[in-house]
Amino acid sequence: MEKINEIIDLLMNKGLIKNDCLEVKRLKSGTTDGIIYTILNKNMPTFVIKIDQPKIISATEEFLLAYTKVKLLPDVHYTDHKKEFIVYSYIPGETHYHRGTKLEWMKILTQE
């Protein structure tokens, strides 16, 4: 928990988040070996913090920045200069839940 507190302090110092009814919740990591947290502001999830190996954070950042116009993907808000963590926007919902058929969202991915 010490690492996440350091990250939260850094993000507050950079002005990305405010300590206004702030809550940090650890999430189940799903398909990553990294540690995932969500930042809630006034009970609303706003950001995701992913802590992982530098090569994973670099790949995540490169992918998300390469496809910034794809509305299915989150926006990158901050990446640690040591590539120890990345902060991106929270997208509500579950994977593949109410996104239509795979054919529909694959079409969005390829066109955008």
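Note that the numbering runs from 1 along the sequence shown for the chain. Values reported hereafter were calculated over all heavy atoms of this structure, with side chains retained and with hydrogens, waters and symmetry mates removed.
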Q.
Set out, in order, the CA-CA distance, both residues' side-chain angles and the distance that settles side chain to side chain contact (heavy atoms under 4.5 Å, CB included) for L10 and Y78, then state yes or no.
A. CA-CA 11 Å; L10 173 74; Y78 183 80; 3.6 Å; yes

Q: Drop me the distance from D80's CG to E61's CD, to the nearest 0.5 angstrom.
A: 10.0 Å

Q: Going by the side chain to side chain contact (heavy atoms under 4.5 Å, CB included) test, name the single residue among T79, I35, I56, L27 that passes it with K50.
A: I56

Q | With I49, the side chain to side chain contact (heavy atoms under 4.5 Å, CB included) member among V24, L11, I36, I86 | A |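 Exactly one pass, corresponding to L11.
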
Looking at every non-hydrogen atom in both residues, tell me the closest pair between [X] and [Y] and how far apart they are.
X   : Y   : value
H77 : S89 : CD2-N, 3.5 Å
K18 : M12 : C-SD, 4.4 Å
F85 : I57 : O-CG2, 3.7 Å

Q.
With a 6.0 Å cut-off (strictly less than), is the heavy-atom count around OH of Y67, excluding the residue itself, greater than 12?
A. no

Q. Within a reach of under 6.0 Å around CE of M44, are more than 12 heavy atoms found that belong to other residues, nucleotides or ligands?
A.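 Result for CE/M44: open.
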
Q: Give the intermediate values and the outcome of side chain to side chain contact (heavy atoms under 4.5 Å, CB included) for residues Y90 and T46.
A: CA-CA 5 Å; Y90 178 88; T46 53; 5.6 Å; no

(Q) Donor-acceptor check, side chain of T38 to backbone of K25, threshold 3.5 angstrom: yes or no? (A)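 Pair absent, no side-chain N/O of T38 close to backbone of K25.
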
Q. Linking I/L/V/M/F/W/Y whenever any side-chain heavy atoms sit under 4.5 Å apart, do I8 and L40 land together?
A. no

Q. When hydrophobic residues are tied together by side-chain contacts of less than 4.5 Å, even through go-betweens, does L22 share a cluster with V87?
A. yes

Q | Minimum side-chain heavy-atom gap Y88-L73 below 4.5 Å | A | no

